[in-house]
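The structure appears below as structure tokens.
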Amino acid sequence: MDDDFWALIEPLLPPWPGKAPGPRLVPDRQCLQGILYVLHNGIAWQLLPMELGFGSGQTCWRRLERWQKAGVFDRLHRILLAELNAAGELDWSRACVDGSHVRVKRGEPTPVRRRSTGGRRAANTTLICDGRGTLLKVFTTAANVNDVTQTLALVDGIPPVAGRPGRPRHRPEALLGGKGYHSDPTERSSASAGSCR
């Protein structure tokens, strides 16, 4: 992992208690490397090779869950967006919205109802990107939630992006999406998006 990236994320990580019970903790940097390894290779957590020195898959998964609950990745996303915005790398002239349905395997918890398991349940992931494909916001909902109901929530959910003089920006000038994302309220909001920053 790049030292610059680690220097960016390390201050965002929640501290551990001074005297944490149990065995010595795997360092955060190693856990993050294990998390990135699992996500990059698309393997199950229990298949993370111990010989890589990242700790067990279960340790990495627990650390990921802890950081997610602490809002680490939301804050990191805002920092990265601000850096891209400062460099003029975000295209606010248009944004694209799309989604996908992911079937949950039998016995696995669904992303939105963790206590329920089953074969036919699925999750709906909806996201919005700027004109260059940079992720601005993502939502995960139950599969039976209509795409069009998520459009305005996605646009409204774009975090205020700093990095340039003036007020932080969080609205694109135009919104593009398939037929599933069209409705009168959405089109009215999209038409006025350029004046809502």
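Residues forming a side-chain contact (heavy atoms from CB on, under 4.5 Å) with Gln30 (at least two apart in sequence, or on another chain): Val26, Pro27, Gln33. For Arg164, the side chain to side chain donor-acceptor pair (under 3.5 Å) test picks out no residue, with sequence neighbours left out.
In this structure, the side chains of Trp6 and Leu32 come closer than 4.5 Å at one or more pairs of heavy atoms. In this structure, Val72 and Pro14 have side chains that are in contact, with non-hydrogen atoms separated by less than 4.5 Å.
One finds the CG atom of Leu80 at 10.5 Å from the OG1 atom of Thr134 (value rounded to the nearest 0.5 Å). Atom CG of Leu81 sits about 9.5 Å away from atom CG of Leu76, to the nearest 0.5 Å. To the nearest 0.5 Å, atoms CG (Leu64) and CG (Leu39) are separated by 6.5 Å. For the atom pair CZ (Phe54) and OG1 (Thr59), the distance works out to 13.5 Å, reported to the nearest 0.5 Å. Atom CG of Leu135 sits about 9.5 Å away from atom CD1 of Ile128, to the nearest 0.5 Å. Expressed to the nearest 0.5 Å, how far NE2 of His170 lies from CD1 of Ile158 amounts to 8.5 Å.
Closest approach of Arg169 and Glu173 over heavy atoms only: NH2-CG, 3.2 Å. Asp4 and Asp2 get closest at one heavy-atom pair: N-OD2, 2.8 Å. The minimum heavy-atom distance linking Pro168 with Ala162 is given by the pair CB-N, 4.1 Å. Contact record, Leu154 with Lys137: CD2-O, 3.8 Å, taken as the closest heavy-atom pair.
Each side-chain hydrogen bond (donor to acceptor under 3.5 Å, both in side chains) pair with one or both residues in residues 82-93, not counting sequence neighbours, appears once here: Asn85-Trp92, Glu89-Arg132, Asp91-Ser93, Asp91-Arg94.
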* Asked: Given the rule in the side-chain contact (heavy atoms from CB on, under 4.5 Å) test, do Cys60 and Val38 qualify, once you have shown the distances and angles that lead to the verdict?
  -> CA-CA 9 Å; Cys60 291; Val38 168; 5.8 Å; no

* To do: List the steps and the verdict of side-chain contact (heavy atoms from CB on, under 4.5 Å) for Trp67 and Asp28.
  => CA-CA 10 Å; Trp67 293 342; Asp28 285 336; 3.5 Å; yes

* I would like to know whether Ile79 and Leu12 meet side-chain contact (heavy atoms from CB on, under 4.5 Å); could you show each step before the answer? => CA-CA 11 Å; Ile79 290 170; Leu12 305 176; 4.0 Å; yes

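Using a distance-only test at 3.5 Å, with no hydrogens or angles considered, no donor-acceptor pair links the side chain of Arg78 to the main chain of Pro159. Judged by distance alone, with hydrogens and angles left aside, the side-chain atoms of Arg75 form no donor-acceptor pair with the main-chain N or O of His77 at under 3.5 Å.
The hydrophobic clustering, which links ILVMFWY residues whose side-chain heavy atoms are closer than 4.5 Å, places Leu47 and Ile35 together.
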